[in-house]
There are 4 protein chains.
Amino acid sequence: MPKRAISEESKEDRRNFILSCAEEIVKTNGLSGLNIQSVAKKSGFATGTIYLYFANKEDLIAHLTLDSRKELLRIFEKSIVGEGLAMKQLSKVMEAFFHFYETRPHYYELVSFFEKNTGLEEPEELELMSRKINQLVADILKKGKKQGHIRNDLDEMTFSFLLWGSSVGILQLLEVKKSIIKRTLNTDSFDFFSKHIELVLHAIKVD
Amino acid sequence: MPKRAISEESKEDRRNFILSCAEEIVKTNGLSGLNIQSVAKKSGFATGTIYLYFANKEDLIAHLTLDSRKELLRIFEKSIVGEGLAMKQLSKVMEAFFHFYETRPHYYELVSFFEKNTGLEEPEELELMSRKINQLVADILKKGKKQGHIRNDLDEMTFSFLLWGSSVGILQLLEVKKSIIKRTLNTDSFDFFSKHIELVLHAIKVD
Amino acid sequence: MPKRAISEESKEDRRNFILSCAEEIVKTNGLSGLNIQSVAKKSGFATGTIYLYFANKEDLIAHLTLDSRKELLRIFEKSIVGEGLAMKQLSKVMEAFFHFYETRPHYYELVSFFEKNTGLEEPEELELMSRKINQLVADILKKGKKQGHIRNDLDEMTFSFLLWGSSVGILQLLEVKKSIIKRTLNTDSFDFFSKHIELVLHAIKVD
Amino acid sequence: MPKRAISEESKEDRRNFILSCAEEIVKTNGLSGLNIQSVAKKSGFATGTIYLYFANKEDLIAHLTLDSRKELLRIFEKSIVGEGLAMKQLSKVMEAFFHFYETRPHYYELVSFFEKNTGLEEPEELELMSRKINQLVADILKKGKKQGHIRNDLDEMTFSFLLWGSSVGILQLLEVKKSIIKRTLNTDSFDFFSKHIELVLHAIKVD
DNA sequence: GATGAATGAGGCTTCATTCAT
DNA sequence: CATGAATGAAGCCTCATTCAT
């Protein structure tokens with residue numbers, strides 16, 4: 001059994017290694033710059049070997065996305081530790097999102113990959129992570145309501161979706177128009193995103 | 001009715017026809033499903049003919065985007081006609097955005113095309129349209145401040161960018177997760193987007 | 001008749017104009033950069049119009065070459081005027097060749113065009129000009145023999161061909177390796193070609 | 001007999017095979033008749049396979065040229081073996097050139113390929129071979145001077161370049177005008193080229 | 001398991017030439 | 001005569017995937 005366990009483990013390791021290589025490529029060249037040959041080269045494996053670990057390119061991308069979301073959930077959970085106030089927690093989560101995003105300028109390409117390709121559904125596990133992230137935000141909301149700081153007439157799940165969508169959209173905008181925004185508004189990216197946070201908090205707080 | 005004028009006109013017509021064919025393809029198959037050959041086939045022209053009207057594929061995409069933005073501006077302008085209150089105008093503009101978007105599920109792919117391809121800058125005219133749209137929103141804000149309905153401590157341009165980014169993001173989310181949202185929240189797309197409008201208005205209104 | 005004559009003339013003019021435009025393109029972009037569309041654009045005519053003056057692209061190139069050779073003959077003839085000594089005349093002709101060539105870096109592409117395209121024969125008129133140029137050199141040789149300065153055991157026509165071939169070859173080499181030659185030999189193009197002249201004269205002179 | 005070595009070797013073999021197929025095409029149809037598809041077809045590989053062995057068409061042409069030059073150097077070296085007199089060696093080298101060329105009517109197209117395409121530089125290795133060939137001739141010259149048979153006032157490198165250029169030019173002329181030359185001069189190609197050799201030797205010999 | 005050579009369809013673009021007006 | 005829009009074959013190159021070893 002030990003032997004098996006070891007090889008199981010190393011297989012998992014190799015899989016993760018390939019994934020990390022792929023991620024680096026996406027970071028550098030964007031999703032469109034990702035191809036199996038380059039992943040093989042970077043990881044030191046042969047082309048065919050990649051297909052031993054992933055059914056196809058799409059599967060690889062799915063796992064790339066999944067990993068990102070897993071990490072995002074971890075980051076979110078860490079960000080609210082030790083903070084009692086829901087409003088503050090929300091703020092922390094959003095800031096964490098900003099920082100997560102900043103190191104992954106091409107992340108939204110991954111996120112949006114699955115609907116760009118007609119008929120492609122998100123793999124199940126991927127959706128699970130999304131739901132967990134959603135739940136985390138919804139829980140904060142609920143807590144905020146109890147604390148009396150957040151409007152009671154606000155569906156938690158709806159807000160969670162809206163927050164996600166709007167935040168991703170603004171980070172995309174930053175990615176696309178960073179220089180224009182900087183020039184026009186005379187602020188840096190974080191200042192800009194902070195305004196978003198401020199507006200969101202304002203929108204949901206009890207007057 | 002000089003001959004010149006006619007041919008000029010019909011040339012413009014054919015150009016627009018090609019553009020509309022391309023748009024249809026994007027609608028159906030997404031941007032990644034757009035290729036010159038398919039545009040040629042759909043429009044009934046030969047491959048080379050497309051290149052008489054557009055310098056290359058990128059140029060065609062640019063004009064696709066440009067046309068969309070032009071129409072969006074038109075729609076925005078029309079949406080606020082006859083409405084005196086800034087808050088109402090903003091609401092109308094956002095609703096118009098929703099309806100515009102609903103008929104162009106792949107529009108954001110166009111919008112984000114130019115930065116996904118490293119080094120590709122937005123053509124000038126394209127940026128001009130963006131600026132005009134931004135200005136339209138900023139003007140409404142300014143008016144709202146005068147009317148005393150919108151917070152004075154809100155930079156108009158910043159808000160304009162944020163509104164754009166968040167709205168596009170939410171519409172993307174709808175596109176990607178329409179069914180999940182419907183299932184989870186038990187609402188339709190417009191209801192969902194209306195919540196976004198409501199939150200935005202709440203965020204900026206004078207208490 | 002006047003009218004006809006005029007239009008005849010202007011037709012010839014337009015033809016020459018097109019030719020000069022084509023030549024300029026070859027000068028700038030090389031023969032491979034020459035295409036009917038660019039000739040049309042540069043000359044201000046429509047694409048189809050070019051085909052009213054030249055049967056096809058090949059025909060146009062043939063006339064381009066023909067014109068060059070005509071001018072070359074003119075230049076050769078002028079170069080020997082007023083010079084009585086055959087050896088000096090030969091020297092003058094070769095110098096003239098160098099200068100002619102220098103302003104037409106892509107001339108040899110034209111010269112060699114006709115055999116690169118399998119089965120293509122030189123148009124008759126083109127050959128006539130070649131023969132005339134050959135004759136001019138042969139005549140100088142004959143004269144030089146009479147003057148007692150040039151070896152009698154030298155077939156004039158053979159030499160004429162050899163001179164042409166070797167000189168074109170050396171000018172091509174200069175074109176291709178100008179910088180290497182300059183660097184390696186520490187001379188300029190004319191110095192280099194002068195060595196060629198010197199060697200040729202040395203090779204044929206009576207000891 | 002390690003497996004690695006075998007596959008390495010066979011890979012090299014296949015590469016050479018592709019090269020030889022390409023060479024045959026150039027021989028038959030000229031450089032302009034060379035296209036990747038035809039190389040693939042002739043070699044029995046798929047289009048994409050060619051790109052496993054050569055980065056692009058240009059690279060393939062470069063190696064075609066390189067191979068030719070390598071062989072030319074080999075031939076030159078062999079041609080002078082066992083011959084002590086520099087003048088005789090030069091003669092042998094030139095004869096060898098003639099024979100080499102005769103079996104490669106399109107060789108000069110390869111040689112001149114790299115400058116016809118603006119901005120295209122000769123690959124380094126290619127230049128190295130040129131330099132070696134040049135050096136071989138220069139060495140013969142030097143030796144001839146020592147032997148007292150070749151003029152001392154002759155720069156070896158200059159002569160080497162001139163010899164190359166003139167010889168290539170004459171062989172090109174032969175290629176283009178073989179039939180005219182035959183008809184006009186009543187000699188065969190080798191006789192014609194021999195005259196060139198004779199003139200060159202005459203030009204450099206000590207009187 | 002691992003390899004990596006091979007595949008070949010697919011996509012972009014060019015350009016000589018034609019032809020209806 | 002002149003136009004210039006249209007053609008479409010041809011060529012370069014990429015890359016997801018397969019399969020024999």
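Order of the sequence lines sets the chain letters (A, B, ...), proteins ahead of strands, with each chain counted from 1.
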Dot-bracket for DNA chain F: what is it, with Watson-Crick or G-U pairs under 3.5 Å, [ ] where a pair crosses earlier ones, and | for a pair to another strand?
.||||||||||||||||||||
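- At whole-Å resolution of the value, CZ in B:Phe17 and C1' in F:dA5 are 16 Å apart.
- With E:dA5, E:dG8, F:dA2 as the candidates, the nucleotide lying closest to the side chain of D:Ala46 is E:dG8.
- Between the C1' atom of F:dA10 and the CG atom of D:Asn29 lies a distance of 15 Å, rounded to the nearest Å.
- One atom, CD1 of A:Ile50, and another, P of E:dG1, lie 14 Å apart when rounded to the nearest Å.
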Base contacts versus sugar-phosphate-only contacts with protein, heavy atoms under 4.0 Å: please encode nucleotides 13-18 of chain E as B, S and - from 5' to 3'.
BBSBBB
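- Of the side-chain N and O atoms in A:Arg14, none sit less than 4.0 angstrom from OP1 or OP2 of E:dG1.
- Rounded to a whole Å, the CD atom of D:Glu12 is 15 Å from the C1' atom of E:dA5.
- When the shell of 6.0 Å around NZ of B:Lys27 is examined, it contains more than 12 heavy atoms from other residues, nucleotides or ligands.
- Of the possible donor and acceptor atoms, one in the side chain of C:Arg15 sits under 3.5 Å from a partner among the backbone N and O of C:Tyr53.
- Residues B:Phe45 and C:Phe45 each lie close to DNA chain F; by heavy-atom proximity, the contact nearer the 5' end of the strand is made by C:Phe45.
- Take A:Glu71 and apply the side chain to side chain donor-acceptor pair (under 3.5 Å) test, not counting sequence neighbours, and it matches A:Arg104.
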Chi angles and distances behind the side chain to side chain contact (heavy atoms under 4.5 Å, CB included) call for B:Ile18, B:Phe54
CA-CA 10 Å; B:Ile18 291 172; B:Phe54 301 94; 3.8 Å; yes
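- Side-chain nitrogen and oxygen atoms of A:Lys11 include at least one within less than 4.0 Å of the OP1 or OP2 phosphate oxygen of E:dG1.
- Classification of B:Lys70 and B:Glu125 as a salt-bridged pair holds, one side-chain N sitting under 4.0 Å from a carboxylate O.
- Here D:Phe54 lies out of heavy-atom contact (under 4.0 Å) with every strand.
- Among B:Ile25, B:Leu19, B:Asp59, the one residue that satisfies the side-chain contact (heavy atoms from CB on, under 4.5 Å) test with B:Leu64 is B:Leu19.
- Atom pair D:Tyr53:OH and E:dT7:C1' shows a separation of 12 Å (rounding to whole Å applied).
- Shown here for C:Lys42 and C:Cys21, the closest heavy-atom pair between the two residues is CD-O, 3.8 Å.
- Residues B:Val39 and B:Leu60 share a closest heavy-atom pair of CG1-CD1, 4.5 Å.
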A:Ser43 and A:Thr49: side chain to side chain contact (heavy atoms under 4.5 Å, CB included), yes or no, with the steps?
CA-CA 10 Å; A:Ser43 63; A:Thr49 308; over 6 Å; no
